[in-house]
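As structure tokens, the structure follows; a few thoughts come after it.
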Amino acid sequence: MSRAATAAGYAAFEAEDWPLAGQRLAEAAATLPKGRAKRTMWFDAALAYKFARDWPRAYEHGLTAASLVKRGKQEPAFWNLGIAATMLREWDTARDAWAGYGLQLPPGTGEIAEELGPTCVRIETDAGQEVVWAVRVCPTRARIVNVPFHPSRRFGEVVLHDGVPNGERVANGRTVPVFDEIALFTPSDLATLTVDADAPEQADIKALAELFADERYGVELPSTRRDLCACCSGSTVRQDQVIPVGRQQVLLAAPLEHARKLLDRWRAERPGERSWENLHPAA
């Protein structure tokens with residue numbers, strides 16, 4: 001039974017039939033004596049269910065896998081358990097999993113909502129993948145802090161991301177990892193807006209961005225978009241700041257009427273120089 005289930009499990013794993021792989025590997029792992037093979041197989045079973053996005057089973061088998069390894073040794077079984085527990089909002093288990101992995105988070109209970117520094121996340125949009133800037137709020141979640149170019153995704157979303165980086169971005173002398181999105185965790189109610197703005201100088205664009213940022217909203221310039229192939233996207237990419245001037249399309253994340261007021265305030269600071277028109281939800 002164990003050999004047959006093991007062979008079937010890893011054949012399914014190789015074929016990326018994740019539900020079958022998880023089922024067969026769990027069946028085999030349950031029959032094995034304590035030891036490395038048992039630890040590995042429970043880990044792989046939980047991993048298969050993570051790939052299948054079957055979070056209850058990933059959580060169940062993740063608990064077993066983590067119980068078989070040492071705490072504080074950066075064992076990946078704890079990381080995968082932390083991901084599954086986070087997705088299920090099992091916050092006590094998630095906190096214990098991060099501690100078991102060897103991370104030190106501020107003490108607390110309930111949802112983890114910290115400011116753990118900048119990162120980038122490769123998200124899925126209706127038009128394909130896009131790398132966005134974000135702030136990590138826990139070891140496996142990040143809040144998007146720039147306006148995605150495609151309106152199917154939104155500024156302020158919190159996404160669940162994987163633990164292994166897939167590329168780097170270098171900006172302002174700082175290198176941050178790029179993580180792949182696993183799932184949307186918390187939606188954002190800030191739909192993307194578009195506006196035609198005339199900004200004669202770089203200082204005008206900076207002033208607009210700062211005006212929105214001061215109220216925790218977002219500004220993005222579609223003209224700065226840089227499309228990369230999958231290979232290049234997964235490498236180290238330098239993102240030098242580029243600020244186009246003149247008349248251009250600008251993406252905004254803010255309630256429509258509030259965006260209108262902020263744009264009016266921005267224009268009033270340099271009347272006759274700055275202007276805007278055609279504010280509407282992005283399609």
Will you find, in the side chains of Trp266 and Asp204, an N or O donor that is under 3.5 Å from an N or O acceptor? no

Side-chain (Gln248) to main-chain (Pro244) donor-acceptor, under 3.5 angstrom | yes

Taking the basic N atoms (NZ, or NE/NH1/NH2) and the acidic carboxylate oxygens, is any pair closer than 4.0 Å for Glu181 and Arg122? no

Check whether the ring centres of Tyr217 and His258 lie less than 6.0 Å apart, and answer yes or no. yes

Next on the checklist: If you apply the rule side-chain contact (heavy atoms from CB on, under 4.5 Å), what do you find for Ser233 with Val131, and how did you get there?
Outcome noted: CA-CA 8 Å; Ser233 181; Val131 174; 3.9 Å; yes

(message) Any salt bridge linking Arg141 with Glu111? Criterion: basic side-chain nitrogen under 4.0 Å from a carboxylate oxygen.
(response) yes

Salt bridge (Lys or Arg N to Asp or Glu O under 4.0 Å) filter on Arg216, not counting sequence neighbours, yields none

Take Val176 and Trp133 through the test side-chain contact (heavy atoms from CB on, under 4.5 Å) and record every step on the way to the result. CA-CA 10 Å; Val176 301; Trp133 284 85; 3.6 Å; yes

By ring pair (Phe, Tyr, Trp, His ring centres under 6.0 Å), Tyr10 pairs with (sequence neighbours left out) none

So the side-chain hydrogen bond (donor to acceptor under 3.5 Å, both in side chains) pairs with at least one residue in residues 84-94 (sequence neighbours excluded) are Tyr59-Thr93

Minimum side-chain heavy-atom gap Arg53-Trp18 below 4.5 Å
no

Checking Phe179, Trp79, Phe185 against His161 for ring pair (Phe, Tyr, Trp, His ring centres under 6.0 Å), the one that qualifies is Phe179

Lys/Arg-Asp/Glu bridge criterion (N-O < 4.0 Å) met for Arg270, Asp198: no

Any donor-acceptor N or O pair under 3.5 Å, side chains Glu168, Thr175:
no

| task | Please determine if Lys261 and Glu257 form a salt bridge, counting it only when a charged side-chain N lies under 4.0 Å from a carboxylate O. | result | no

- [ ] Taking the side chain as every heavy atom from C-beta outward, state whether Leu208 and Val250 have any pair of such atoms under 4.5 Å apart.
- [x] yes

Are any of the side-chain heavy atoms of Trp98 and Thr140 separated by less than 4.5 Å?
yes

query: Heavy-atom distance under 4.5 Å between the side chains of Thr194 and Gln249, does that happen here?
result: yes

